[in-house]
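Note that ligands are numbered from 1 as they come in the structure, with each ligand's atoms numbered from 1 the same way.
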Amino acid sequence: MPGDPLRAKFIADNILQNPELVSHTRNVFFYTGTYNGHQVTVGASGMGCPSIGIYSFELFKEYDVQCIIRIGTCGSYHPHIGLYELINTDLACSESTFAACAFGFEGDTMPHQGNAYDIINQTAASLQMNIRQGNIHSSDVFYRKDPGIPPVAEKHQCLAVEMEAFALFANARHLGRAAATLLTVSDVIPTREEISPDARERSLKPMITLALESAVRMK
Ligand code: HPA
């Protein structure tokens, strides 16, 4: 589950076999196809906890989806965590009230759910791909006046910031499903380096491959 509908289309068009458009409500495309003979669905979450909160809840609840692997980009909080690095999210922390409002889950952290995180780690090892494991910050804001690391992210020693994992994990926890978040570093906040727009699509290929290879090992 990428954030961007066009990324879902890219994966369907270029990587899945026999993809079929199964939903396009609100221009958010979902495709079901096969990857190495296994049926897989790819579709977008939109940006932010409210958006992934809706799409992932409906997938789990209405479509009986058992596992969602979010694939996204993130901003690294540390100069030594560079562009293109992959992060498998152990727990997401947030200032968001999503989990408390929706389910009464108190606290500012939400762990990954089920076995998807472990399977991603095992799959990366078997493919000899380097990934980091660690905590990330699911922020409700993208643009802020202070470029420093926000207190909640300092408190939980976050490697990087994105905007969705906290709500995805909260939904999965409430509904007893598996959920993971795999991220590619697209920008390094302290040094202001970023992946150029034309290199973006290509740079996400290792993450997409790892997510699909992991998804087919979940079965
Ligand atoms: N902030 C939040 N989300 C992000 C960022 C960022 O800097 N980069 C990629 N996703």
Side-chain angles (χ1 to χ4, degrees), residues 1-11 28 42-56 68-99 108-110 112 117 120 130-171 179-211:
M1 179 175 245
D4 178 352
L6 290 176
R7 198 156 295 147
K9 180 169 164 41
F10 173 86
I11 295 167
V28 170
V42 57
S45 67
M47 289 185 282
C49 284
S51 185
I52 198 168
I54 295 169
Y55 288 106
S56 64
I68 294 177
I69 301 176
R70 158 166 157 71
I71 51 171
T73 58
C74 64
S76 160
Y77 277 138
H78 306 283
H80 67 279
I81 302 175
L83 296 180
Y84 308 107
E85 288 202 40
L86 294 181
I87 299 173
N88 191 13
T89 303
D90 188 356
L91 68 79
C93 70
S94 188
E95 305 90 340
S96 166
T97 55
F98 181 94
D108 55 14
T109 61
M110 199 54 64
H112 68 87
Y117 170 84
I120 291 169
N130 274 331
I131 60 169
R132 286 180 187 267
Q133 294 88 23
N135 300 344
I136 58 98
H137 177 202
S138 295
S139 178
D140 276 346
V141 292
F142 187 86
Y143 299 107
R144 59 174 78 234
K145 70 174 180 182
D146 182 352
I149 301 178
V152 73
E154 280 282 14
K155 178 176 158 196
H156 298 290
Q157 300 176 322
C158 290
L159 306 180
V161 56
E162 54 86 76
M163 304 184 78
E164 292 83 16
F166 185 80
L168 171 63
F169 294 171
N171 279 345
T181 292
L182 187 55
L183 301 167
T184 299
V185 176
S186 62
D187 44 288
V188 180
I189 292 170
T191 63
R192 300 182 173 205
E193 290 162 274
E194 58 181 29
I195 298 178
S196 66
D198 51 315
R200 254 184 198 234
E201 209 67 81
R202 190 165 15 106
S203 69
L204 301 180
K205 197 83 194 288
M207 173 172 69
I208 295 167
T209 302
L210 178 54

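There is a side-chain donor-acceptor pair under 3.5 Å between Glu162 and Ser138.
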| Please walk me through it: do His156 and Asp108 pass side-chain hydrogen bond (donor to acceptor under 3.5 Å, both in side chains)? | CA-CA 9 Å; His156 298 290; Asp108 55 14; 2.8 Å; yes
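At a 4.0 Å heavy-atom cut-off, the residues surrounding ligand 1 are Thr73, Cys74, Gly75, Phe142, Val161, Glu162, Met163, Ser186, Asp187, Ile189, listed by chain and number.
Closest approach of Gly148 to Asp146, counting heavy atoms only: N-OD1, 2.9 Å.
Shown here is Arg144, whose CZ atom has more than 12 heavy atoms of other residues, nucleotides or ligands within 6.0 Å.
The side-chain hydrogen bond (donor to acceptor under 3.5 Å, both in side chains) pairs that include a residue from residues 73-82 are Tyr77-His137, where partners are two or more places apart or lie in different chains.
Of the possible donor and acceptor atoms, one in the side chain of Asp4 sits under 3.5 Å from a partner among the backbone N and O of Leu6.
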